[in-house]
Amino acid sequence: QDRCPKTWRLVIESVRNEDAAFEGANLLSRMSGCPLKQARTAMANPPQTVVTPLYHPQALRLARSLKKIQVTTRLVELNAVQVNHPKPQP
């Protein structure tokens with residue numbers, strides 16, 4: 001049994017410019033192992049969820065590295081239960 005399964009995915013929220021998209025795709029491919037073509041597609045069309053599963057430390061490191069080149073991301077746990085919270089009343 002795997003003690004620390006790959007249960008995290010990265011969501012590309014926004015990309016500052018074309019240079020950030022290019023560098024971000026290279027980083028994403030290198031650090032996650034996802035195909036470069038898939039990484040380029042994710043960077044070109046935010047918001048996108050990268051389908052390659054990641055370990056939590058790997059996902060955190062990747063998110064930090066992408067932030068440095070002005071790519072906004074967030075992490076999503078694969079087995080997290082989605083809960084719809086009620087909107088606060090004004």
CD1 (Ile12) and OG1 (Thr49) are apart, to the nearest 0.5 Å, by 9.0 Å
Could you grab the distance from atom OG1 of Thr7 to atom CD of Glu77, nearest 0.5 Å is fine?
-> 4.5 Å
So do Val11 and Leu75 actually touch side chain to side chain, heavy atoms under 4.5 Å?
-> no
Using a 4.5 Å cut-off on heavy atoms from C-beta on, say whether the side chain of Arg9 contacts that of Leu78.
-> yes
Given the rule that I, L, V, M, F, W and Y join up when any side-chain heavy atoms are under 4.5 Å apart, are Leu28 and Met31 in one cluster?
-> yes
[X] versus [Y], closest heavy-atom pair with distance:
| X | Y | answer |
| --- | --- | --- |
| Trp8 | Tyr55 | CD1-C, 4.2 Å |
| Ala21 | Val15 | N-CG1, 3.4 Å |
| Val50 | Cys34 | CG1-SG, 4.5 Å |
| Thr52 | Gln38 | OG1-NE2, 4.1 Å |

Cut-off 3.5 Å, no hydrogens considered: what does the side-chain donor-acceptor table look like for residues 61-74, sequence neighbours left out?
from: Ser65; atom 1: OG; to: Arg61; atom 2: O; distance (Å): 3.0
from: Thr72; atom 1: OG1; to: Ser14; atom 2: OG; distance (Å): 3.2
from: Arg74; atom 1: NE; to: Glu13; atom 2: OE2; distance (Å): 2.5

Which pairs, with at least one residue in residues 21-36 and sequence neighbours excluded, count as a side-chain hydrogen bond (donor to acceptor under 3.5 Å, both in side chains)?
-> Asn26-Arg40
